[in-house]
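Below, chain A is the first sequence line, B the second, and so on; all start at residue 1. The basis for the numbers below is simple: all heavy atoms, side chains too, and nothing from hydrogens, waters or symmetry mates.
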Number of protein chains: 2
Amino acid sequence: MVHTRESLLAAAQRQLNADPLSSMAVVAAAAGAGRATLHRHFASREALLLEIGERSLGRWEQRLDEHAVEEVAASGDPGRIRECIRGLVRSFVDDSDDFGFALTDHFIVTDPVLVARGDTLVEREVTLWEAAQAAGVLRPDLAPRWISHAMYGLLVSAREALRAGDVARRDVGDLVVSTLLVGAGAR
Amino acid sequence: MVHTRESLLAAAQRQLNADPLSSMAVVAAAAGAGRATLHRHFASREALLLEIGERSLGRWEQRLDEHAVEEVAASGDPGRIRECIRGLVRSFVDDSDDFGFALTDHFIVTDPVLVARGDTLVEREVTLWEAAQAAGVLRPDLAPRWISHAMYGLLVSAREALRAGDVARRDVGDLVVSTLLVGAGAR
DNA sequence: CCTGAATGAGACACTACTGTCTCATATGAG
DNA sequence: CTCATATGAGACAGTAGTGTCTCATTCAGG
């Protein structure tokens, strides 16, 4: 069997997603690799977790790029902004399946380097929230950072709801978008 | 120093809330107790976690009782239902400070006994969501269980927002209620 | 003051995991 | 086919945590 760094990372992510406390031995087995091989690619468990964190942040960043967050924000066009938010959130929901445990894992959420990089990404998001508020797409009375937190909370919800089998996978993106935008109250 | 089972539990909860991976030694120190004393009250780490889980579920159940969820649901009165939801969610937000880590800790979230008991509490909540939908307080097109998931996700949001210092403690209850009910979109 | 129960400190054996190493085997490129 | 390389299995020492135990000390109630 041949093991690329990427395939190991992906398998590790999948396994740690299922059980965040999995040992290196378990992770290696889940990747169909020996423990030694895993250690050849990642010097330590910590290094592996860091890399997974980086990978998750990379995907997150990529999503912000894909949706041209800054450009849309600068445009000030309510229609474009609304569509951008919808698309962005849907992308995040898709990702939360693979990357979800990085949302709550204590080590990843705590590591200073990852936190710093995450903060810069939140910063980028915030420009979108602020533009959305200015364009009348989002409520102006909410702190932009709260909007980010609320969105991530709903990603956790989506993850849990899927795990519990309470919602269908194809519905969950719309569910998050609509809950975030219009809430659960009757109009 | 005298240590009641309750004081140990409370301290353990506080410590594990700060760092879910704290060892028994760290937990004991945080409670101002010796490791032996902690073990006299809780046979094993697992037993301690279980008890914390039970404690959290107990508080949760207590909240449902306090707000007379079933009675309010049965009343069908939109005003009462709306007030009940507001009060309930605010209570949960208050609790999530102390009990928050039980929301995401893998062991607690996974243990079959706790999960089973948690399910029955979700069941009680669901009666409220359904009544709210029937009374025109909540959107009828959302699965009641999704509403529960969304609310818990927003509790995670609240916890994180507080930890990051992005919102004031006195605001966070209203923030969750209002985000859950009307969302972040402009009306 | 006296006494019995609770406590803290620490020793102890045990387990699980980590990170390193070796070596025989498998595998793919030339 | 041949050979260099990657791999899996396992040995190994080191570390950290757990659960049990003992024992001297503390402390509250009589």
Treat primed atoms plus P, OP1 and OP2 as sugar-phosphate and everything else as base, then score nucleotides 21-30 of chain D 5' to 3': B for base contact with protein heavy atoms under 4.0 Å, S for sugar-phosphate contact only, - for none. BB--------
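- Annotation for Leu21(B): hydrophobic cluster partners, listed by chain and number, are Leu21(A) (ILVMFWY side-chain heavy atoms under 4.5 Å, direct or chained).
- Contact check of residues 19-35 of chain A against DNA chain C (heavy atom, cut-off under 4.0 Å) returns Ser23(A), Met24(A), Arg35(A).
- As rounded to whole Å, 16 Å separates atom P of dA6(C) from atom CG of Leu38(B).
- Comparing the helix axis at one end of the helix from dC1(C)-dG30(D) to dG30(C)-dC1(D) with that at the other, each defined from 5 consecutive pairs, gives an inter-axis angle of 30° (nearest 10°).
- Rounded to an integer number of Å, the gap from NE2 of His41(B) to C1' of dT18(D) is 18 Å.
- Using a 4.0 Å cutoff on non-hydrogen atoms, no part of residues 42-55 of chain B comes near DNA chain C.
- Considering only residues two or more places apart in sequence or on other chains, Arg170(A) meets the side chain to side chain contact (heavy atoms under 4.5 Å, CB included) condition with Ala168(A).
- No side-chain donor from either of Arg159(A) and Thr104(A) sits under 3.5 Å from a side-chain acceptor of the other.
- Within the 6.0 Å centre-distance limit, the rings of Tyr152(B) and Trp60(B) are counted as a close aromatic pair.
- The side chain of Thr37(A) places an N or O atom within less than 4.0 Å of a non-bridging phosphate oxygen (OP1 or OP2) of dG8(D).
- As a whole-Å value, the separation of Leu8(B) CG from dA6(C) P is 14 Å.
- One finds no salt bridge joining Asp98(A) and Arg14(A) here, because no Lys/Arg side-chain nitrogen approaches an Asp/Glu carboxylate oxygen to under 4.0 Å.
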Decide salt bridge (charged side-chain N to carboxylate O under 4.0 Å, His left out) for Glu6(A) and Arg55(A); before the verdict, give the C-alpha distance in whole Å, the side-chain angles of both, and the deciding distance to 0.1 Å. CA-CA 10 Å; Glu6(A) 259 317 296; Arg55(A) 199 172 127 102; 2.4 Å; yes
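- Taking 4.0 Å as the cut-off between side-chain N and carboxylate O, Glu83(A) and Arg80(A) do not count as a salt-bridged pair.
- Here the CD atom belonging to Glu51(A) is positioned 11.0 Å from the CD atom belonging to Gln13(A), to the nearest 0.5 angstrom.
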Are Arg139(A) and Ser178(B) close enough, and set up right, to give a side chain to side chain donor-acceptor pair (under 3.5 Å), and what steps lead you there? CA-CA 11 Å; Arg139(A) 289 167 58 184; Ser178(B) 121; 2.8 Å; yes
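- Ion pair Asp77(A)/Arg82(A) not flagged as a salt bridge, since none of the NZ, NE, NH1 or NH2 atoms sits closer than 4.0 Å to an Asp/Glu carboxylate oxygen.
- Salt-bridge formation is detected for the pair Glu123(A)/Arg145(A): a Lys NZ or Arg NE/NH1/NH2 atom is positioned less than 4.0 Å from an Asp or Glu carboxylate oxygen.
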For Ser157(A) and Trp146(B), what are the C-alpha separation, side-chain angles and deciding distance, and is it a side chain to side chain donor-acceptor pair (under 3.5 Å)? CA-CA 8 Å; Ser157(A) 304; Trp146(B) 166 251; over 6 Å; no
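- Under the 4.0 Å criterion applied to side-chain N and carboxylate O atoms, Asp174(A) and Arg86(A) are not assigned as salt-bridge partners.
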